[in-house]
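Beneath this line is the structure, given in structure tokens, with notes to follow.
Residue numbers begin at 1 in each chain, while the letters A, B, ... track the order of the sequences.
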Number of protein chains: 2
Amino acid sequence: MLMSVDTDLLRVLADPLRLRIVALLARETLCTTHLVAETGARQTNLSNHLKVLRDAGVVDTEPCGRFTYYRLKPDVIAALAGQFAELAETARATAAADRKRACS
Amino acid sequence: MLMSVDTDLLRVLADPLRLRIVALLARETLCTTHLVAETGARQTNLSNHLKVLRDAGVVDTEPCGRFTYYRLKPDVIAALAGQFAELAETARATAAADRKRACS
DNA sequence: TGACAGTATCAGTACATGCTGATGTCAGTC
DNA sequence: GACTGACATCAGCATGTACTGATACTGTCA
């Protein structure tokens with residue numbers, strides 16, 4: 001039982017625009033131009049966020065001529081889902097057993 | 001298919017200390033004193049973070065004399081796990097089908 | 001080769017937020 | 001009722017970071 005969620009990964013995903021990007025990339029592999037069109041954000045801003053996602057290993061890039069495709073890495077998200085599921089499971093067991101530390 | 005992760009909840013959880021608190025509360029219902037002892041953080045700081053968790057609906061409080069027990073709400077975490085699992089599933093399908101939007 | 005489009009990088013700014021000390025409040029105990 | 005311990009609230013400070021305009025790099029096409 002690992003029982004610890006990756007804080008750094010969470011911080012990366014805990015931004016509205018980045019989460020939006022991740023949701024879009026989950027459905028379709030896109031390049032920056034598409035993301036600019038979809039989100040309405042400036043290119044510079046998006047490029048910064050994409051760099052954060054790249055550095056965190058959340059997305060892969062695939063150059064295609066002068067375009068750059070961004071692809072979401074499913075395993076990273078799946079691992080996170082698993083960590084939260086495990087945490088929830090532990091919490092449920094704690095609630096069911098009414099496990100509670102006594103106050104001194 | 002909801003397909004959207006709750007950004008506000010993520011922001012709440014994307015803090016190292018708060019995530020630590022959540023992990024501790026998953027195993028055991030505790031009061032502030034215990035959390036101070038476990039984390040080594042100042043009482044004021046912890047109280048602030050606990051307020052954030054309370055406001056976000058991540059934890060429930062149960063007053064017990066002059067103590068206050070904090071209990072993690074498993075359903076909130078489970079819902080988050082479900083959202084990420086769904087996202088991962090979508091991403092896997094996208095990768096398997098190599099779904100990719102053409103560059104104009 | 002020059003022009004342009006897609007993308008990345010850089011420096012600066014503004015805002016959010018995590019931490020702190022001081023203080024207030026409430027419950028239990030002498 | 002005075003005191004102590006558990007907890008919350010407040011104001012101030014400091015740091016991180018999201019956003020921006022300017023600019024550089026790279027590949028494509030005329």
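Considering only residues two or more places apart in sequence or on other chains, A:Ala95 meets the side-chain contact (heavy atoms from CB on, under 4.5 Å) condition with B:Pro74. Under the rule for a side-chain hydrogen bond (donor to acceptor under 3.5 Å, both in side chains), A:Asp8 has no partner lying at least two apart in sequence or in another chain. With sequence neighbours excluded, the residues that form a side-chain hydrogen bond (donor to acceptor under 3.5 Å, both in side chains) with A:Arg71 are A:Glu62. The side-chain contact (heavy atoms from CB on, under 4.5 Å) search around A:Arg101 returns B:Glu28, B:Leu30, B:His34, B:Glu38, not counting sequence neighbours. Under the side-chain hydrogen bond (donor to acceptor under 3.5 Å, both in side chains) criterion, A:Asp6 pairs with no residue, sequence neighbours left out. Residues satisfying the side-chain contact (heavy atoms from CB on, under 4.5 Å) test with A:Thr32, not counting sequence neighbours, are A:Val36, A:Leu50, A:Tyr70. Scored by the side-chain contact (heavy atoms from CB on, under 4.5 Å) test, B:Ala78 finds A:Ala88, A:Arg92 as partners (sequence neighbours excluded).
For the pair A:Arg54 CZ and C:dT7 P, the interatomic distance rounds to 11 Å; values are reported in whole Å. When rounded to the nearest whole Å, the span between CG of A:Leu35 and P of C:dA8 equals 10 Å. Straight-line distance from the CG atom of B:Leu17 to the P atom of C:dT17: 16 Å, rounded to whole Å. When the C1' atom of D:dA18 is taken as reference, atom CG of A:Leu19 falls 15 Å away, rounded to whole Å. Atom CG in B:Asp55 sits about 9 Å away from atom P in D:dT9, given to the nearest Å. We find that NE2 of B:His34 is positioned 16 Å from P of D:dG5, with the value rounded to whole Å. In this entry the distance linking CZ of B:Arg20 with C1' of C:dG18 reads 17 Å, nearest Å.
The shortest heavy-atom contact between A:Cys64 and A:Tyr69 is CB-CD1, 3.8 Å.
Non-hydrogen atoms lying under 4.0 Å from DNA chain D are contributed by A:Arg42, A:Thr44, A:Asn45, A:Asn48, A:His49, all within residues 41-52 of chain A.
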Which pairs, protein N/O on one side and nucleotides 1-5 of chain C N/O on the other, fall under 3.5 Å?
residue, atom, partner, partner atom, Å
C:dA5, O4', A:Arg66, NH1, 3.4

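Here B:Tyr69 lies out of heavy-atom contact (under 4.0 Å) with every strand.
The shortest distance between side-chain heavy atoms of B:Val76 and B:Leu9 falls below 4.5 Å.
The phosphate of D:dG16 (OP1 or OP2) has no side-chain N or O of A:Arg11 nearer than 4.0 angstrom.
Nearest-nucleotide positions on DNA chain D place A:Arg18 closer to the 5' end than the other of A:Cys64 and A:Arg18.
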